[in-house]
Amino acid sequence: MMLVSTLKRCFVRAFLAGLSFFLLLCVSGCSFKTKQSSLDPKGPIALAQYDLFMVTVWVTLFIFVTVGGALLWVVWRFRQRPDDDDDHMPNQSHGNPLVEVGLIVASILLLVIIAVPTLRVLVYTFELPEDEGSKLGQWYQGPLTEEDAETILTVNVMGYQWWWAFEYPQLGITTANELVIPEGKVVKLNLRSADVIHSFWLPKIAGKVDLIPGRANWMWIKADEPGHYYGQCAEFCGSAHAYMLFRSDVLSHRDFEAWVEYQKKDAPEALEVSVAAGERLFAEKTCIQCHTIRGNQYAMGIKGPDLTHVASRKSLAAGIMDNRGVDGRIDRLKQRENLFEWIKNSQHIKPGNLMYHDDAGLKTVPLSDDDVHKIVAYLQTLN
Amino acid sequence: MNAHALSLESLIKEEAKRYHAFINLAFILAILTSTEIVIIFLPFASWLIVTSLVVLSLVKFFCVILWFMHLIYDRILLFLLFMSGLLIAVGTVIALMFLFSPNDLDRSLFSFNTLSMFFNSFCFVA
Amino acid sequence: MNSDISSAATVDALHHEEHSSTGIENKKLMMWLFLASDCMFFGTLITTHLIYRKLYPSGAAEEGILNIKNTFNIELTSFSTFILLMSSFLMALAVSAMHKGQLQSFRKNVLGVIFFGLIFLGCQVYEFTEFSMGNPTAGIPPLTLSNSIFGSTFYLMTGTHGTHVAIGVLWLVAMFFYSFSGRMNIHSAIDVEVAGLYWHFVDIVWIVIFTAVYLIEYI
Amino acid sequence: MAVSTHAPVADKRLLPPSKSLIGLIRPDTSTGLVDWLTTVDHKKIGIMYGGFALFFFLLGGIEALLIRLQLMYPGGTVVSAQTYNQLFTMHGTTMVFLAVMPLNAAFFNFVMPLQIGARDVAFPRLNALGLWAFVAGALILNLSWLFQWAQVFGWFTPVSGQMDIVPAIGWFGYAPITGKNYSGIGTDFWIFGLQVLGVASLVGSFNFITTIINMRAPGMTMMRLPLFTWMTLITSFLIIFAFPAITIALVELMFDRFFGTNFYHVEMGGQPILWQHLFWIFGHPEVYILILPTMGIVSEILPTFARKPLFGYPMVVFSGAVIGFLGFAVWSHHMFTTGLGVVATAAFSLLTMAIAVPTGVKILNWIGTLWGGHIRFSVPMVFALGFIWMFMMGGFSGIMHSAAPADAQQQDSYFVVAHFHYVLIGGALLAILGGLYFWVPKIFGRMMSEKVGYIAASAIIIGFNVAFFPMHYLGLTGMPRRTHTYLAGFGWETWNFVATIGAFVLGIGVLMVIIDLIRTVASGKPCGSDPWDARTLEWSLPSPVPAYNFAHNPVIPGRDAWWLHKYGKKPEQEIEYEKTGPEGIHMPSQSWWPLVSSVGLLVVGVAMALHSAGVPYCGYVAIGGLGLSVVSFFLWALEGPGGYHLTPPDDGDEPQKVLASYTPEPSQKLELTH
């Protein structure tokens, strides 16, 4: 008996210690402002979704406290005590219609509290707002057709295994894995997939919408403040699904216009000898079959990301590799290392990716370290 | 066994009555089917034709399950069981029909070489 | 139950003395459950067809590769529909005969059902070959499993129905031969009735398919 | 205490067909292993269902622990991306189809006929087919691991090029990733495995419905059925209406892969979204197929240990039916992010919320049952109370999902993972383990260890919460599902680590239960027929239950018949028995054909997958397998139901009221009448 009671005491102590450690962890380990958190909304859609979520949290918390409390109380109150008669026969009551119907009505009322804001937010997120100020002609100074000026900035999001293409049809530019949008403006995203189903998820700006092949999905987003945002594909899309990330830069109007101006330019001609060697290697080593570089007349491939301004991107390999230094700007040294690593070891960094593949399977492209350095040097001029 | 034997007599009588019902039904089904085939070539509005086709096939459908499949003679439970499956199926069909719309299609991925396909299948058969 | 009776028939009868809370034979109840489930089965197939019909008015993602109305042969299909309806009528007579214990009449009718079922299957085989070949001289393109979405849904749906018919024919053929074994008696009426239910269901599925797949193309 | 031996006395007057109609000798109960392979006894089939399901449950658990190990640290390298995808695919498929469903089926088989006072199910051989087809389907799925290992050792190489031999498409298998362009023969194993499992579930369900509707003892009206039987009935209806949808979806997928059709082939106009619809038309009822039986189990355990009838019985039954029916009208809430449009999304959102009402009714009625009771905290009760609590929390996150716009943030994140594990571990698994502790004394006549039970229950409940509660946080802070790794610096490290620890605690708890179960079967303490002082009819029988269940058919006096019988104040509340006549009890003969036809299905599945891998002659082997199944179905029909007669022991006019301690004799044989 002694042993049992000691064991019991030890068990209780261990349990309490574990519980307090757990609670401590909860306090210290839970930040809601992490990089990809949906609990830190920075745009009206994410905010509406967050508010709705909080409504459901409060309603269910209320049910949790009342029903859970009732359960605990009942279990405690009607437990069999050690001195109770084993054969005690409780009252064999088997129901009370009034109580049952009352509780049903109460639960329906609680659901109505959730249903009303749900429908409101639903309509809000599904309808492109008629925001005059967001129309392209109202704020973008560059050349636009009349039709484009009257519409909202549109971005065609194309999902590939396992990277993203962002095309700005009104502005005539295409970029990859980094969605750049102006702050405070409504942006319409046309979501298309080239192969399997993907899902566009930028938690701080908006919840996800799927990119389904054969289906024309769209969503609208708006970002309230400039910043660097983190997003990810949220639908299982094959072996490297975990590496299908993307980043979003929200810029002020001026910065955005400058960015667009910059992106519209073709890639500069390779003037330096080492860079020209890299350009040649880029063609010789079959990179051109899949990648487009505007300004390089050989690089016209469409299977891989557009590399026209690859060096202006803050990340590499669909967001896995960060090119930024501590100050948040691109660190050229880091970028060089990343590019080298990626070209040299892409199968290791992102297993299953389609670099060095053609329709027949894995291609063997002999690349010496020196070759890679030259290609990197060439790519780094594309900023 | 005795109860069974007794009911056998009445059962046989019952069956004789059903015989005429079956013959009549066969005629009705034949007539309804010919009506359907005629209707589709009549110059009426398409909604009218579709509605009458649906009604006619529903009539045929229920005639078969009620008489040929004996539901009208059998216990109501069987009818309810079958109808529950049928209703869930019909409900699902209708809901799915509403959920799909040509407006949602993204046609950019459809790449279809009509000519080659035509020739391929032709050669295959030949 | 007298203890001196020990003929096979009595044992047989004893086995038939199933306990049933509702008075419905187990086999019949189960067949109806199967048919209820089969509604969902064919419902899903037909809805696949109708959805793609709605999405692609020409029957394929690309216009002009099919000519469904000309491919279809409404005379033949009407004939096979008629045949199937009449086979259902004969099946009802066969069940009726078995309930009365008239083995000869049962055999005659069930043979009729089998014959009609085979005609239906023959029509379908003919139809499938005709459709898949097309008629280039008359300008009717072929319709195959893989050349269009319509081909896929059409062949899978009607083929599944045809498989059901074929299973029914097999079942009835087995039953026909079994009727000569001497074991078939008035107590086997329930087995025949269950087979009959299946056969009628195949018939009503065809009623739906005939309207929703064939006739609708002519409007 | 009277000891009843139930030695059946042979009746020589009626001859059973010991040969089948085509002259083949039928196996009987005297042959050990063959007996188990050919049995048609619902109790043995139930035990085998449970055994196989627990095995696959352990397998799925190992897969889960590997997944957790991989995610313990960011950038984990325990397994490769491809292996991880195979692990979560097989974990999901295994747990849904090979663990929870068959565990439920084990209880259906064992308990339901006893609860309604039947001697067997309506179609005993079909019941055996359900079991063996389940085993065949499970083998088709899991043999893929063997072929994968063979490939690692270089003994087997698919010529089709794609090397994923174990399915790596998720248990939902969304098109077009299941297409030939994107996945290898793993998908074929998956298609055929699921198809065969569908056959198993369907035949089982037809049988259960027929049994419940038709085989009730006299006096057992529908509104006197024990709750577990009611939930069996509703679940079986859900299965027969839901499975055809996935059957067709799988057939279409199979045709796409084998015969070049275009159902999900985008380039030809196929719509991958159609797969999602068809899958969830099945998939959502499937969720209730998993959870409703366990609600039934809990509705049996709570009244027993509170010594009170279920509160609001008609309401609980009705709410179960409503949940089942509404389950067919909410499938698209799994697809809120697929751009359904405002109207459809709103409709499915509201219907989903509506389901919360009948579910809430059940929870409130369970609390009502406890109210005023006399609660004993035996092990089954601890699991049942854990069930209510955890299931309630799973329900709350369910309500959060039903608000479609909020769901756009939660869908495909770890929040969803937390939600359905709360429903399926905190709900289904806890209840199943409770049911195991509850019914094992009836099944094996032996008690499981209380002490181990309490420790295991605490380990499972605590470990489960430690593992899965943090996932709510992970999901809301942006961690997506089905990713084999994640980058550091997103605030996910701590809680992934904690979750892995919790998962192992949970695993240890489950392992303790299973080890104790094996010990109990081998050498547990024998127990009486009614150790819990329970309420329903199965507790009126000796433990273990004799082959014929009821020596004399009971006449049911009311709901909770056994309780009324024991404690009823009036004489008409006692169970009466219809004395079995001199011809004895009709027992069905055993049969080989359920097993043989399942072997045929197994051959078809494996051969088709290998055919897809380019192994020569496999197409013919598949046709041969199909032929084997068809032939055995014909022989099945020809051998007839068969049967023999047993005479129950003569205990005087009335069978023993309480058969307190029954020691089974291992050598006891049922003498057949020839």
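What you see is a predicted model, and the numbers here were worked out from it, not measured in a lab. So you know, we letter chains A, B, ... as the sequences are listed, proteins then strands, and number each from 1.
With a 4.5 angstrom heavy-atom cutoff, D:Ile240 touches chain C via backbone and side-chain atoms both. Heavy-atom distances place both the backbone and the side chain of C:Phe34 under 4.5 Å from chain D. Only the side chain of D:Leu126 comes within contact range of chain C, judged by heavy atoms closer than 4.5 Å. Residue contact with chain C, scored on non-hydrogen atoms closer than 4.5 Å, involves the side chain of D:Phe237 exclusively.
Separating the CG atom in C:Leu55 from the CD atom in D:Gln271 is a distance of 5.5 Å, to the nearest 0.5 Å. To the nearest 0.5 Å, atoms OG1 (C:Thr144) and CZ (D:Phe259) are separated by 14.0 Å. In this structure, the separation between NE2 on D:His277 and OG1 on C:Thr44 is 13.0 Å, given to the nearest 0.5 Å. Atom CZ of C:Phe41 sits about 6.0 Å away from atom OG1 of D:Thr247, to the nearest 0.5 Å.
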Query raised in the report: Can you check side-chain hydrogen bond (donor to acceptor under 3.5 Å, both in side chains) on C:Ser21 and D:Asn214, steps first, answer last?
Result: CA-CA 5 Å; C:Ser21 313; D:Asn214 248 1; 5.3 Å; no

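Interface summary for chain C: among D:Phe634, D:Phe263, D:Phe243, the most heavy-atom pairs under 4.5 angstrom belong to D:Phe263. Contacts with chain C were tallied for D:Glu252, D:Arg119, D:His265; D:Glu252 has the most, counting heavy-atom pairs under 4.5 Å. Among the candidates C:Ala36, C:Gly23, C:Cys39, C:Ser37, the residue making the largest number of heavy-atom pairs closer than 4.5 Å to chain D is C:Ser37.
Closest approach of C:Ser146 to D:Gly260, counting heavy atoms only: CB-O, 2.7 Å. The shortest non-hydrogen separation linking D:Met268 to C:Asn147 is CE-O, 3.6 Å.
A distance-only check finds no donor-acceptor pair linking the side chain of C:Tyr52 to the backbone of D:Gly270 [under 3.5 Å].
Around CZ of C:Phe180, the count of heavy atoms belonging to other residues, nucleotides or ligands within 6.0 Å exceeds 12. Annotation for C:Lys108: atom NZ does not count as buried by contact number, only 12 or fewer foreign heavy atoms lying within 6.0 Å. Surrounding CZ of D:Phe325 are at most 12 heavy atoms belonging to other residues, nucleotides or ligands under 6.0 Å away.
Using a 4.5 Å heavy-atom cut-off against chain D, the contacting residues of residues 149-160 of chain C are C:Ile149, C:Ser152, C:Thr153, C:Leu156.
Applying the side chain to side chain donor-acceptor pair (under 3.5 Å) rule to C:Ser87 yields the partners C:Trp199; only residues at least two apart in sequence or on another chain are considered. Under the side chain to side chain donor-acceptor pair (under 3.5 Å) criterion, C:Glu217 pairs with C:Arg53, not counting sequence neighbours.
You'll find the side chain of C:Met40 reaches within 4.5 Å of the side chain of D:Ile281, heavy atoms only.
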Side-chain donor-acceptor distances from residues 200-213 of chain D under 3.5 Å, at least two apart:
| unit_1 | atom_1 | unit_2 | atom_2 | d |
| --- | --- | --- | --- | --- |
| D:Ser201 | OG | D:Leu197 | O | 3.1 |
| D:Ser205 | OG | D:Ser201 | O | 2.7 |
| D:Asn207 | OD1 | D:Phe123 | N | 3.0 |
| D:Asn207 | ND2 | D:Phe123 | O | 2.8 |
| D:Thr210 | OG1 | D:Phe206 | O | 2.6 |
| D:Thr211 | OG1 | D:Ala122 | N | 3.0 |
| D:Thr211 | OG1 | D:Asn207 | O | 2.6 |

